[in-house]
Amino acid sequence: MWSVILMGLAGLLVGGGLSFRQQKQPAWISVSFYVLAGMALLAAYLLTIPGN
């Protein structure tokens, strides 16, 4: 369940990064959104790995 929520969050963050890029905001803002989206996807993946 949490992995689905994190994937949705990643989608919203990518959309925010694209939006800030179209608005000609500083590049570090878009990059930070993309990094946060990547971290959310990584966390979602790690939650799907079965534990021992």
Is L12 reachable from V4 through a run of hydrophobic residues whose side-chain heavy atoms are each under 4.5 Å from the next?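 No, V4 does not connect to L12 through the hydrophobic network.
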
Could you state the interatomic distance from CG (L47) to CE (M1), rounded to the nearest 0.5 Å?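 Rounded to the nearest 0.5 Å, the CG-CE separation comes to 12.5 Å.
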
Same cluster or not: are V14 and L36 linked, directly or through other Ile, Leu, Val, Met, Phe, Trp or Tyr residues, by side-chain heavy atoms under 4.5 angstrom apart?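 Different clusters.
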
Between atom CD of Q23 and atom CG of L18, what is the distance when rounded to the nearest 0.5 Å?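 Rounded to the nearest 0.5 Å, the CD-CG separation comes out at 11.0 Å.
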
Indicate if L9 and F20 have the same hydrophobic cluster label, given that clusters are the connected sets of ILVMFWY residues with side-chain heavy-atom separations under 4.5 angstrom.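 Same cluster.
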
Could you state the interatomic distance from OH (Y45) to OG (S3), rounded to the nearest 0.5 Å?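 The OG atom of S3 is 12.5 Å from OH of Y45, to the nearest 0.5 Å.
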
Same hydrophobic cluster for W28 and F33, using side-chain heavy-atom links shorter than 4.5 Å among ILVMFWY?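 Cluster IDs for W28 and F33 match.
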
Tell me whether L41 shares a hydrophobic cluster with Y34, the cluster being built from Ile, Leu, Val, Met, Phe, Trp, Tyr side chains joined at under 4.5 Å.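 Different hydrophobic clusters.
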
Where S30 and G17 come nearest, the two heavy atoms and their spacing: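 Nearest heavy atoms, S30 then G17: OG-O, 3.2 Å.
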
To the nearest 0.5 Å, how far apart are CD1 in I5 and CH2 in W2?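 Answer for the CD1-CH2 pair, I5 versus W2, is 5.0 Å.
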
